[in-house]
Number of protein chains: 2
Amino acid sequence: MANTSNFFAKNKSVILYGVFLAALLFLLKWLELRFMIIDHAFEIYAGSIAVIFTTLGIWLALKLTRPKTILIEKEIFTGKPETFILNEKELTKLNISKRELEVLQLMSAGLSNQEIALKLFVSLNTIKTHNARLFEKLEVKRRTQAIETAKRLSIIP
Amino acid sequence: MANTSNFFAKNKSVILYGVFLAALLFLLKWLELRFMIIDHAFEIYAGSIAVIFTTLGIWLALKLTRPKTILIEKEIFTGKPETFILNEKELTKLNISKRELEVLQLMSAGLSNQEIALKLFVSLNTIKTHNARLFEKLEVKRRTQAIETAKRLSIIP
DNA sequence: TGAAAAATCACCCTAAAGTATGAGGGTTAA
DNA sequence: TTAACCCTCATACTTTAGGGTGATTTTTCA
C-alpha cells in the first residue's frame with residue numbers, strides 16, 4: 001500500500017514524461033493531417049518537431065538531473081582563537097622588557113632556570129635576576145603564579 | 001588580444017552549438033533526399049529529428065545550465081572552547097586519581113606545596129608524594145612541565 | 001573477605017628556585 | 001651629558017621543590 005504510492009511518487013517524472021509523449025504523438029498526427037494542405041508544410045512540421053523535442057530534452061535534463069550537492073564546511077569560532085594575540089597594552093603597562101618576556105615564555109614551557117640560561121646563552125644568575133624582576137612586575141611570588149597571571153593577561157599563549 | 005581568446009573561451013559552448021546545428025541541417029537535408037525513395041521514410045525522418053533534437057536539448061541543458069548546487073553548511077568548531085571539557089580518556093589512560101588531579105589543579109593555579117597542603121588539610125609530605133606520582137604519570141620532571149603537559153592534554157583548564 | 005589501589009605521613013637528602021644586594025656596561029632620551 | 005633603563009653577572013643566603021624509601025590507614029572492587 002505504502003509501496004504503491006511510493007512507486008508513483010518516485011516515478012512521477014517518468015510517468016509525466018510518458019503522458020506528455022502520448023500528447024505529443026497525438027499532436028504530431030494532427031499536424032500530419034494539416035501538412036497535406038498547407039504549402040511548405042513539411043519544413044514547418046520538421047521545425048515543430050525540432051523545437052518541441054529540444055524543449056522536451058531540456059525539460060528532461062533539468063527535471064531528471066539530480067542537483068549536485070556541495071558540502072561546504074563553515075568555520076564557526078567558539079572560543080579563544082588558536083592564533084595567539086599578544087596583549088601589548090598590558091605588556092607596556094607592566095613595563096615588561098623583551099628579554100623578560102622571552103624568559104617568561106620559556107618558563108611557561110616548563111624549562112628550568114638552568115635550561116633557560118643555556119638556551120639564551122647567559123648565566124643562571126642572570127635568569128634569576130630576570131625572574132625576580134618579572135615576579136615583581138607581575139606581583140607574584142612564584143614562577144607558577146607568574147605563568148598563570150601572564151596567561152590570564154594574554155602576555156603569553 | 002587577450003580579450004579575443006577570452007571571447008572564444010567564454011563562448012565555446014555557444015560556438016560548438018552553432019557548428020553542431022549546421023552539421024545537423026546538413027544531415028537533415030541528406031535525410032530529405034533519402035526520404036523520397038524509402039517507404040515510410042517520413043516517419044523515420046520525423047523520428048530521427050525527434051531523437052536528435054531530444055539529445056540536443058538534453059546536451060544543451062547539461063552544458064549550458066549552471067550545475068545546480070545545494071550548499072550544505074557544516075559547522076566546524078574551531079578554537080579552544082571557553083567552557084573547559086575534561087579529557088577523561090586521557091585521565092584514565094594516565095591513571096591519575098581524583099586527589100592527584102586536585103593537587104594538579106591547585107598547582108596550576110600557582111599555589112606552593114605548603115599552600116596546597118593547607119588547602120587540602122593534609123601534610124606537606126603528602127602533597128610531595130602526590131606530586132612525585134603526578135610527575136611520574138605525566139612523564140615530567142617539574143611542576144611547570146606538569147602544568148604545561150596537563151593543559152595540553154586538557155586534563156586541566 | 002582479601003588483594004589492589006589510593007591516600008596519608010615521615011625522614012633524609014639534593015636540586016632548584018627565589019631573595020637581597022651590589023655592580024659593570026650599553027642604549028636612549030631629556 | 002646625565003639620569004633612567006636594560007641586560008648582564010656575582011656572591012651569599014633562605015626557601016621551596018623534588019627524589020628515594022618505607023610505612024600506615026582507608027577505600028575500592030572482584
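So you know, we letter chains A, B, ... as the sequences are listed, proteins then strands, and number each from 1.
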How many angstroms lie between atom [atom1] of [X] and atom [atom2] of [Y], to the nearest 0.5 angstrom?
X: Lys141(B); Y: Leu111(A); atom1: NZ; atom2: CG; answer: 13.0 Å
X: Leu106(B); Y: Asn113(B); atom1: CG; atom2: CG; answer: 10.5 Å
X: Leu94(B); Y: Glu139(B); atom1: CG; atom2: CD; answer: 8.0 Å
X: Met107(A); Y: Glu148(B); atom1: CE; atom2: CD; answer: 14.5 Å
X: Ile147(B); Y: Arg143(A); atom1: CD1; atom2: CZ; answer: 10.0 Å
X: Leu104(A); Y: Ile155(A); atom1: CG; atom2: CD1; answer: 7.0 Å

How many Å lie between [atom1] on [X] and [atom2] on [N], as a whole number?
X: Leu134(A); N: dT8(D); atom1: CG; atom2: P; result: 13 Å
X: Ile127(A); N: dA17(C); atom1: CD1; atom2: P; result: 11 Å
X: Leu111(A); N: dA15(C); atom1: CG; atom2: P; result: 20 Å
X: Leu101(B); N: dA6(C); atom1: CG; atom2: P; result: 13 Å
X: Glu115(A); N: dA15(C); atom1: CD; atom2: C1'; result: 13 Å
X: Arg143(A); N: dT16(D); atom1: CZ; atom2: C1'; result: 12 Å
X: Gln145(A); N: dT16(D); atom1: CD; atom2: P; result: 12 Å
X: Lys98(A); N: dC6(D); atom1: NZ; atom2: C1'; result: 10 Å

**OP:** Report the residue (Asn95(B) or Asn131(A)) whose heavy-atom-nearest nucleotide on DNA chain C is the more 5′ of the two.
**Re:**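 Nearer the 5' end of the strand: Asn95(B).
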
Original post:
Glu102(B) and Arg99(B): salt bridge (Lys or Arg N to Asp or Glu O under 4.0 Å), yes or no, with the steps?
Top reply: CA-CA 5 Å; Glu102(B) 231 175 330; Arg99(B) 201 57 159 174; 3.2 Å; yes

Subject >> nucleotides 8-14 of chain C: protein proximity per nucleotide (B base, S sugar-phosphate only, - neither; heavy atom, under 4.0 Å) >> reply: BBBB---

Original post:
Below 4.0 angstrom from OP1 or OP2 of dA17(C), is there any side-chain N or O of Asn113(A)?
Top reply: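 Answer is yes, contact under 4.0 Å.
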
**OP:** Check whether any side-chain nitrogen or oxygen of Ser97(A) sits under 4.0 Å from OP1 or OP2 of dC5(D), and answer yes or no.
**Re:**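 Looking at the OP1 and OP2 atoms of dC5(D), neither is under 4.0 Å from any side-chain N or O of Ser97(A).
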
Original post:
Which nucleotide in the set dA17(D), dG18(D), dC7(D) lies at the smallest distance from any side-chain heavy atom of Arg142(B)?
Top reply: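 Closest nucleotide to the Arg142(B) side chain: dG18(D).
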
Original post:
Does Ile96(A) or Ala132(B) map to a spot on DNA chain D nearer the 5' end, using the closest nucleotide for each?
Top reply: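 It is Ile96(A), whose closest nucleotide lies nearer the 5' terminus.
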
